[in-house]
Amino acid sequence: MNILRLLFELFLIYMLYKLVFDFIIPVYQSSKKIKKQFGDIHSKMQEDMNTYNRQQTSATAPTEKKKEGDYIEFEEVKE
């Protein structure tokens with residue numbers, strides 16, 4: 001009976017080992033990698049939006065300046 005119990009315990013230890021190293025650790029590493037990739041994508045999108053907003057702000061700023069000293073007087077000629 002002791003041999004069967006020992007074999008059963010060894011089998012349980014082996015199954016627990018396989019579960020941890022073949023399933024739990026790879027799932028944890030994959031989820032960590034995916035989370036990092038989403039974070040990178042999010043930060044890139046934020047950077048792109050900030051750049052776009054800065055371009056929109058500078059594009060709507062008035063670039064034409066009034067020239068106060070260069071006024072040409074106009075007279076209408078009637079015939």
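We count residues from 1, following the sequence as given.
- Rounded to the nearest 0.5 Å, atoms CD (Q46) and OG1 (T51) are 11.0 Å apart.
- The list of side-chain hydrogen bond (donor to acceptor under 3.5 Å, both in side chains) pairs with a residue in residues 30-41, not counting sequence neighbours, reads K36-D40.
- The stretch residues 22-50 participates, sequence neighbours left out, in no ring-ring contact (aromatic ring centres under 6.0 Å, His included) pair at all.
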Extract all donor-acceptor atom pairs below 3.5 Å that involve side chains of residues 1-18 and protein atoms in other chains or at least two apart in sequence.
from: R5; atom 1: NE; to: E9; atom 2: OE2; distance (Å): 3.0
from: K18; atom 1: NZ; to: D22; atom 2: OD2; distance (Å): 2.8

